[in-house]
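A short worksheet on the structure shown next.
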Amino acid sequence: MATQDEQVRIGNGKRGFAAMDKETQRMIASKGGQAAHQKGTAHEFTSEEARRAGQKGGEVVSRDREHMAEIGRKGGESRQTARNGNRQGDKGAPG
């Protein structure tokens, strides 16, 4: 008879933390964070550190030209749809 860990591995090929459902992972990770804060070893970002981290992430994303083009295309389509919707609404209004 297979143990519970072996049964989980058979199902999705993962084991340990990765095999757990998301809610269980979240609960365990939360406990780890709380323990680090109580111990005083948790790192709390200053606003400057957070700003720089966000800036780095933005730089990485913006290097992907295909992704940026897709974002621009969606924005243009959204703006065009909004404009066309407003014009159609004006045509039907009494004047």
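Because only heavy atoms are used, hydrogens play no part in the values below, and waters and symmetry mates are left out as well, while side chains stay in. One-based numbering along the sequence shown.
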- Do Glu44 and His37 touch side chain to side chain, with heavy atoms closer than 4.5 Å? yes
- Message: How about CZ on Phe17, more than 12 heavy atoms from neighbouring residues, nucleotides or ligands closer than 6.0 Å, or not?
- Response: yes
- Would you say Ile28 and Met20 make side-chain contact, with heavy atoms under 4.5 Å? yes
- Item | Qualifying residue, where the test is side chain to side chain donor-acceptor pair (under 3.5 Å) with Arg52 and the options are Gln55, Glu48, Glu49 | Gln55
- Item | Residues Glu70 and Lys74 bridged, charged N to O under 4.0 Å | yes
- Query: Do you know the tightest heavy-atom contact between Ala19 and Lys14?
  - Reply: CB-O, 3.6 Å
- Message: If you count every heavy atom of other residues, nucleotides or ligands that lies below 6.0 Å from Glu59 atom CD, does the total exceed 12?
- Response: yes
- Query: Salt bridge between Glu23 and Arg26, side-chain N to carboxylate O under 4.0 Å?
  - Reply: no
- Value for CD (Gln34) from CD (Gln38), rounded to nearest 0.5 Å, stands at 7.0 Å
- Message: Is it true that Asn84 and Thr81 share a donor-acceptor pair across their side chains at a distance under 3.5 Å?
- Response: no
